[in-house]
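Just so you know, ligand 1 is whichever comes first in the structure, and atom 1 is the first atom listed for that ligand.
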Amino acid sequence: MASAAGLTRFLLGKNVINNGRAGAIKFYSTAPQYENIKIEVVGEKKNVGLIQLHRPKALNALCKPLFKELGEAVKDFDADNKIAAIIITGNEKAFAAGADIKEMQNNTYSSNTRDGFLKEWEDVSNCGKPVIAAVNGFALGGGCELAMLCDIIYAGENAKFGQPEINIGTIPGAGGTQRLPRYVGKSKAMEIVLTGNFFGAQEAEKMGLVSKVFPVDKLLEETIKLAERIGTHSPLIVKMAKQSVNQAYETTLKTGLQFEKSLFYGTFATGDRQEGMNAFIEKRTPAFKND
Ligand SMILES: CCCCCCC[C@H](O)CC(=O)SCCNC(=O)CCNC(=O)[C@H](O)C(C)(C)COP(=O)([O-])OP(=O)([O-])OC[C@H]1O[C@@H](n2cnc3c(N)ncnc32)[C@H](O)[C@@H]1OP(=O)([O-])[O-]
């Protein structure tokens with residue numbers, strides 16, 4: 001579904017976040033009929049893809065259709081050359097309260113395995129562009145895991161994180177037992193996973209899970225500013241930097257340093273590296289070409 005054409009399939013009236021402000025955005029007749037998310041292109045240069053999870057009655061519980069739509073939207077923004085970074089957000093009450101318990105209540109081991117219950121998660125984790133989570137309210141279970149799947153987490157002061165799967169007789173299944181210890185260390189991760197207790201934004205920042213905390217009503221604005229700042233750089237080099245940081249989670253220090261060095265050397269094969277250094281020396285703003 002993600003294709004060159006897909007890139008601009010955004011924004012049919014019912015799907016966009018800023019309904020009624022159509023002047024600021026493009027409408028396309030072939031836009032997908034999203035039911036569980038809203039998408040919009042934001043930022044002064046219209047280079048930030050914003051995805052809002054939108055199942056407010058269920059606190060944005062991650063039902064399968066929502067996750068499929070999220071995966072499609074991420075793939076489309078990733079394929080769109082005009083988009084520099086992607087933001088995933090929810091509403092003031094909930095980023096996402098986890099997997100949809102009502103939907104998965106009657107799943108079986110066989111159905112999970114046969115149908116690939118979690119297969120759409122890779123659509124988000126495979127994204128080459130930076131993906132930023134802007135978390136207000138509950139980010140629980142799969143919601144916390146979705147935030148951790150993103151590259152940077154910004155939170156509003158009312159954010160509540162947790163991995164409460166243990167309360168309903170299961171364990172985190174979309175990265176909670178693997179990514180959380182990498183963010184916060186073993187003791188904290190064990191405490192969070194084994195108790196199911198929630199923790200707030202300030203504590204999440206102190207633990208290193210969240211990089212910054214903002215007043216609730218400033219969160220999205222500040223997250224868009226972050227995405228726009230990233231958007232001033234070469235998209236090609238941003239992609240390489242993201243790959244290199246992610247490699248730190250996959251390998252030994254020695255292999256990681258080798259990987260980093262190869263990519264660093266590789267930047268010298270790009271026009272944007274040349275342009276960046278020329279611009280510095282000529283005391284001007286670089287004009288990156290994604291090349
Ligand atoms: C592909 C998908 C991704 C899969 C990921 C799998 C791996 C993952 O690790 C597993 C999980 O996340 S396991 C899950 C881990 N997460 C949890 O265990 C958190 C479960 N949720 C809670 O503990 C409470 O709702 C809160 C404390 C969040 C809010 O309490 P409050 O402020 O008193 O609000 P309230 O009155 O309670 O809720 C309002 C409405 O939302 C409804 N709804 C809410 N969450 C739902 C959910 N996950 N499901 C369904 N519905 C959910 C709730 O039923 C109610 O609707 P109703 O029609 O009126 O009945």
I'd like a table of donor-acceptor pairs (distance under 3.5 Å, sequence neighbours excluded) in which one partner is a side-chain atom from residues 255-269, with atom names and distances.
from: T255; atom 1: OG1; to: T252; atom 2: OG1; distance (Å): 2.8
from: S262; atom 1: OG; to: Q258; atom 2: O; distance (Å): 3.1
from: T267; atom 1: OG1; to: F264; atom 2: O; distance (Å): 2.6

Mutual orientation of the aromatic rings belonging to Y249 and Y183 [parallel < 30°, tilted 30-60°, perpendicular > 60°]: tilted
Collect the protein residues that have a non-hydrogen atom under 4.0 Å from ligand 1 and hand them over in chain and number order. K57, A58, L59, A61, L62, F67, K93, A97, G98, A99, D100, I101, K102, M104, F117, L118, W121, F138, L140, G141, G142, E145, P164, E165, I168, P172, G173, A174, F198
Please determine which of D76, I87, V74 meets the side-chain contact (heavy atoms from CB on, under 4.5 Å) test together with I51. V74
Does this structure show an ion pair linking K289 with D272, if we count only N-O contacts that are shorter than 4.0 Å? no
Determine, for E69 against K38, whether the closest basic-nitrogen to carboxylate-oxygen distance falls under 4.0 angstrom. no
For the pair T251 (side chain) and A248 (backbone), establish whether a donor and an acceptor sit closer than 3.5 Å, ignoring hydrogens and angles. no
